[in-house]
Amino acid sequence: MERILVTGGAGYIGSHTVVELLTAGYDVTVIDNFSNSGPDALKRIKAITGKDFDFVQGDVRDQGVLQKIFNSQNIYAVIHFAGFKAVGESVKEPLSYYNNNLFSAIALLEVMKKNNCKNFLFSSSATVYKDGETLPLIEDCVLQPKNPYGMTKLMIEMLLKDLYVSDKHWNIAILRYFNPIGAHKSGLLGEEPNGIPNNLLPYIANVATGKSAELKVYGNDYPTSDGTGKRDYIHVVDLALGHLAALKKIEGMGYDAYNLGTGKSYSVLEIVAEYESACGKKIPYSIVGRREGDIAECFADCTKAEKLLGFKAAKSLADMCNDTVNYSKTKR
Ligand code: WQD
């Protein structure tokens with residue numbers, strides 16, 4: 001079976017994708033520098049799948065490390081997750097975001113080109129879309145990110161387009177994630193942000209386990225059903241399966257972008273209610289001011305991924321919350 005190189009494969013989405021790749025019979029090599037993950041995730045991948053895989057600890061910007069992998073293994077395709085991904089942090093530290101995210105992608109693609117490996121799946125984000133576009137968002141909507149993190153994703157998308165135009169032998173799948181949440185049903189893999197979580201679900205999970213006292217709801221004066229922000233939450237395992245669907249269609253793909261979402265949006269208070277029924281506890285919260293840069297609502301038109309990749313997210317919001325609760329009970 002083909003061997004897939006997964007950068008950032010010890011991370012939240014990367015590790016769930018490695019599980020699905022191994023389960024589907026692919027050989028896998030992971031490269032990760034543990035900047036936002038740890039070796040424990042690798043052990044848990046093996047525990048879930050019962051399968052081994054190759055691992056290289058290193059920085060994707062290091063072409064020497066990358067070349068060593070290509071020297072010793074025949075890589076069929078690369079799935080590129082490695083990158084910094086916190087919106088707020090990117091506003092404070094733009095240089096480190098541009099350096100890490102752009103130079104990683106460029107180093108990786110140069111080594112791939114040198115080794116004639118031209119199947120590339122890129123972890124992009126709905127953050128590339130312009131605020132205020134008509135919902136649901138389609139892949140042809142205007143691309144205009146409002147923060148350095150989203151700009152790095154867009155710049156890499158544009159770089160990939162130029163690469164494809166220069167050499168049509170490349171097959172490039174741009175996968176734009178909406179809001180990934182949830183955990184593996186085994187309770188062995190889930191989201192483990194370093195420090196205080198920026199995102200909603202890990203923060204709610206911390207309130208439920210007593211790590212945080214209450215949830216701060218960032219505004220209830222948005223033009224939405226209950227005034228709180230609405231997002232398209234997709235189960236991380238569905239997201240992983242979306243990568244496998246794109247991988248299966250990568251030959252002859254050329255250059256294309258796909259939304260990976262559910263096509264539905266839920267408000268913050270709807271998420272709180274669902275999580276309360278999943279964990280059997282009240283989640284105390286207080287309404288505070290809006291968070292800088294937040295939008296009222298965002299959700300995907302998933303038609304393209306359904307039609308061209310044969311991918312449709314299957315898991316419900318209840319699955320996402322139940323699996324997160326289950327993980328919060330087992331994580332170390
Ligand atoms: C969701 C909703 C908040 C925390 C970000 C990135 C995006 C992607 C996913 C990388 C919003 C509200 C949140 C809290 C709250 N990451 N909220 N209290 O901002 O939609 O997307 O993460 O690809 O690129 O932009 O996700 O989980 O931070 O917020 O009220 O403590 O929850 O206002 O309405 P977001 P989020």
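Order of appearance sets the numbers: ligands from 1, and atoms from 1 within every ligand. Being a predicted model, the structure only gives us computed values, none of them experimental.
- The closest approach between Tyr222 and ligand 1 stays at or above 4.0 Å for every heavy atom of the residue.
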Run the side-chain donor-acceptor check on residues 11-21: report pairs under 3.5 Å with partners two or more places apart or on a different chain.
unit_1: Tyr12; atom_1: OH; unit_2: Ile181; atom_2: O; d: 3.3
unit_1: Tyr12; atom_1: OH; unit_2: Gly182; atom_2: N; d: 3.2
unit_1: Tyr12; atom_1: OH; unit_2: Gly182; atom_2: O; d: 2.7
unit_1: Ser15; atom_1: OG; unit_2: Gly11; atom_2: O; d: 2.6
unit_1: Ser15; atom_1: OG; unit_2: Tyr12; atom_2: O; d: 3.1
unit_1: His16; atom_1: ND1; unit_2: Tyr12; atom_2: O; d: 2.7
unit_1: His16; atom_1: NE2; unit_2: His184; atom_2: N; d: 3.2
unit_1: Thr17; atom_1: OG1; unit_2: Ile13; atom_2: O; d: 2.9

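- Interface of Ser125 with ligand 1, defined as ligand atoms under 4.0 Å from a residue heavy atom, comprises 23 (O), 24 (O).
- Counting protein heavy atoms only, atom 33 (O) of ligand 1 is closest to Asp294 OD2, 2.6 Å.
- The nearest protein atom to atom 35 (P) of ligand 1, hydrogens excluded, is given as Asn179 ND2, 3.5 Å; this is a heavy-atom distance.
- Under the 3.5 Å distance criterion, with hydrogens and angles disregarded, a donor-acceptor pair is assigned to the side chains of Thr262 and Asp232.
- Of the N and O atoms on the side chains of Thr224 and Glu297, not one donor lies less than 3.5 Å from an acceptor on the other residue.
- Neither the backbone nor the side chain of Tyr177 comes within contact range of ligand 1; no heavy atom lies under 4.0 Å.
- Looking at Leu200 against ligand 1, both its backbone and its side chain come within 4.0 Å, counting heavy atoms.
- In this structure, atom 10 (C) of ligand 1 lies nearest to the protein heavy atom Tyr149 OH, 3.1 Å.
- Ranking the protein heavy atoms by distance from atom 8 (C) of ligand 1 puts Phe178 O, 4.4 Å first.
- Using 4.0 Å as the threshold, Tyr233 has a heavy atom nearer than that to some atom of ligand 1.
- Given atom 17 (N) of ligand 1, the protein heavy atom at minimum distance is Tyr218 CD1, 3.7 Å.
- For the residue pair Ser316 / Asp319, a side-chain donor-acceptor distance below 3.5 Å is found, with atom types taken as modelled.
- Here Ile271 has no heavy atoms under 4.0 Å from ligand 1, in either its backbone or its side chain.
- In terms of protein heavy-atom proximity, atom 24 (O) of ligand 1 is nearest to Thr127 OG1, 2.5 Å.
- One finds the CZ atom of Phe53 at 12.5 Å from the CG atom of Asp27 (value rounded to the nearest 0.5 Å).
- Counting only N and O atoms by type, the side chains of Asn147 and Tyr97 include no donor and acceptor under 3.5 Å apart.
- Val87 CG2, 3.2 Å is the protein heavy atom nearest to atom 25 (O) of ligand 1.
- Against a heavy-atom cut-off of under 4.0 Å, Val217 is close to the following atoms of ligand 1: 30 (O).
- Between Arg231 and ligand 1, a contact under 3.5 Å exists for at least one N or O pair.
- Atom 5 (C) of ligand 1 has its nearest heavy-atom neighbour, among Val272, Thr224, Asn199, Leu201, in Asn199.
- The OH atom of Tyr327 sits 13.0 Å away from atom CG of Leu201, with the distance rounded to the nearest 0.5 Å.
- Remark: Pro148 pairs with Ser90, Val91, Pro94, Tyr98 by the side chain to side chain contact (heavy atoms under 4.5 Å, CB included) rule, at least two apart or across chains.
- At a heavy-atom cutoff of 4.0 Å, ligand 1 is contacted by the backbone of Lys216 but not by its side chain.
- Ion pairing of Arg3 with Asp54 is present here, as a side-chain N (NZ or NE/NH1/NH2) and a carboxylate O approach within less than 4.0 Å.
- Distances below 4.0 Å separate heavy atoms of Asn198 from the following atoms of ligand 1: 4 (C), 28 (O).
- If you check which protein heavy atom lies closest to atom 19 (O) of ligand 1, you get Arg291 NH2, 2.9 Å.
- Under the 4.5 Å side-chain criterion, counting only non-hydrogen atoms from C-beta, Leu102 is not in contact with Met151.
- Using a 3.5 Å distance cut-off with no hydrogens or angles, the side chains of Glu157 and Tyr255 do not pair a donor with an acceptor.
- If you number the atoms of ligand 1 from 1 as listed, the ones under 4.0 Å from a heavy atom of Gly229 come out as 34 (O).
- Put simply, the side chain of Arg44 gets close to the backbone of Leu188: a donor and an acceptor are under 3.5 Å apart.
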